[in-house]
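Beneath this line is the structure, given in structure tokens, with notes to follow.
Counting starts at 1 for both ligands and their atoms, in listed order. Hydrogens, waters and symmetry mates play no part in the numbers below; they use all other heavy atoms, side chains included.
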Amino acid sequence: MRQLKAIIFDVDGTLAETERDGHRVAFNRAFTDSGLNWHWDEALYGKLLAVTGGKERIRYFLSNFHPDFEYDGNIDELIIKLHAIKTKHYVALLEGNAIDLRPGVVRLINEIRDAGLRLAIATTTTPANVTALIENTLGKEALGWFDCIAAGDIVPAKKPAPDIFDYCLQQLGLSADECLVFEDSANGVRSSCAANIPTVVTSNNYTSEDDFTGAISVFDHLGEPDLPYERISGKAISGSYITVDSLKQLHTSE
Ligand code: XBP
Ligand code: MG
């Protein structure tokens, strides 16, 4: 295993718990704005998270949960229109500071920077959503902390395909074994492991029952000095919150 040089963060569910109170709310507002009586409650949304990508998720909903929907226009154009409205609502929610970063995220990002390691993002979500989350939680200059922000439709296939992580490695100019990924979901872990990148999971309320096969370890969050993490499975590390030293322990354990 080569020396650890970069940490690649997933966004939704990893940097912040954005799905239930962010994306889901934005989708519902877009449906209402468009005169559609669709409503994704928390339970249904948990099922729809099986599919990554908002446009793909709407299509999945129509084919699996609303097959009787009749539309005399172009369904692809409708999905694109709905998703654009949804993104506007989601960005507005973030600008209203509706979503905070998860425990330990700000602390660890600063520690990673202080240690001279590189930062990157590899996410299925729309680039505008990443910009809004980072700027509204870490500040406008924080986008520059990330050497690569790989997001959304920049690659042909979304997670669990490895494309977004392969793209990120290429942009970083690093090999998979020089990096470590933080993910939150089964789709994310399948994607990063398909790209052969050592992966650590911080699960959440939507993904706690996911299959994280291939991950080095699963924690409930990154922890803070006054908020110890719980290690759910996999390799143990010293300490009660995840630090750069923890990352090096996890990375060399592979
Ligand atoms: C999570 C996703 C995204 C969001 C919705 O991405 O799958 O599709 O749920 O965002 P990740 P969009 O966990 O890779 O950050 O509507 O912009 O796709
Ligand atoms: Mg995620």
Side-chain angles (χ1 to χ4, degrees), residues 8-31 38 40 42 44-61 79-94 98-99 101-102 105 120-134 137 146 148-168 181-195 197 199-212 215 218-222:
I8 306 172
F9 283 96
D10 162 57
V11 174
D12 295 301
T14 300
L15 288 182
E17 295 217 48
T18 56
E19 295 292 359
R20 186 190 64 191
D21 300 334
H23 290 297
R24 183 183 67 88
V25 170
F27 277 112
N28 286 329
R29 289 180 182 173
F31 301 151
W38 308 345
W40 290 357
E42 291 180 36
L44 171 59
Y45 194 68
K47 295 185 180 117
L48 297 175
L49 281 172
V51 171
T52 66
K55 296 187 287 292
E56 296 81 355
R57 190 164 302 138
I58 295 171
R59 193 180 298 281
Y60 176 67
F61 163 71
I79 289 172
I80 289 169
K81 183 187 113 199
L82 287 172
H83 191 253
I85 298 168
K86 175 264 175 181
T87 299
K88 285 195 177 74
H89 279 297
Y90 180 70
V91 168
L93 281 167
L94 294 179
I99 306 279
L101 296 180
R102 296 190 68 187
V105 169
I121 280 173
T123 175
T124 305
T125 198
T126 301
N129 298 346
V130 182
T131 300
L133 180 70
I134 298 297
T137 54
F146 298 87
C148 168
I149 297 181
D153 296 331
I154 193 94
V155 291
K158 291 191 165 84
K159 299 174 185 176
D163 301 39
I164 198 74
F165 285 105
D166 289 338
Y167 174 83
C168 196
V181 163
F182 276 108
E183 265 287 354
D184 74 296
S185 67
N187 279 327
V189 170
R190 285 168 58 200
S191 176
S192 59
C193 288
I197 308 174
T199 300
V200 177
V201 172
T202 50
S203 60
N204 55 61
N205 50 13
Y206 268 135
T207 66
S208 56
E209 301 306 314
D210 276 17
D211 175 2
F212 295 122
V218 180
F219 301 94
D220 60 347
H221 52 71
L222 295 174

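- Closest approach of Tyr167 and Ala150 over heavy atoms only: CD2-CB, 3.5 Å.
- Side chain of Ser191 to main chain of Asn187: no donor-acceptor pair is present (N/O by atom type, distance under 3.5 Å, no hydrogens or angles).
- Looking at residues two or more places apart in sequence or on another chain, you find no salt bridge (Lys or Arg N to Asp or Glu O under 4.0 Å) involving Lys86.
- For Asp10, the salt bridge (Lys or Arg N to Asp or Glu O under 4.0 Å) partners two or more places apart in sequence, or in a different chain, are Lys159.
- Close placement of the Phe31 and Trp40 rings is indicated, their centers lying within 6.0 Å of each other.
- Between Phe182 and the choices Leu222, Val201, Leu15, the side-chain contact (heavy atoms from CB on, under 4.5 Å) rule is met once, by Leu222.
- The only member of Asp184, Thr14, Asp210 that meets side chain to side chain donor-acceptor pair (under 3.5 Å) when paired with Asn204 is Asp184.
- For ligand 1, residues of the protein lying within 4.0 angstrom by heavy-atom distance are Asp10, Val11, Asp12, Glu19, His23, Phe27, Tyr45, Thr52, Gly53, Gly54, Arg57, His83, Lys86, Thr123, Thr124, Thr125, Thr126, Asn129, Lys159.
- Here the shortest heavy-atom pairing between Gly13 and Thr18 reads N-OG1, 3.9 Å.
- Within the protein, the number of N/O/S atoms found under 2.8 Å from the Mg ion (ligand 2) is 3.
- A distance-only check finds no donor-acceptor pair linking the side chain of Thr126 to the backbone of Asn129 [under 3.5 Å].
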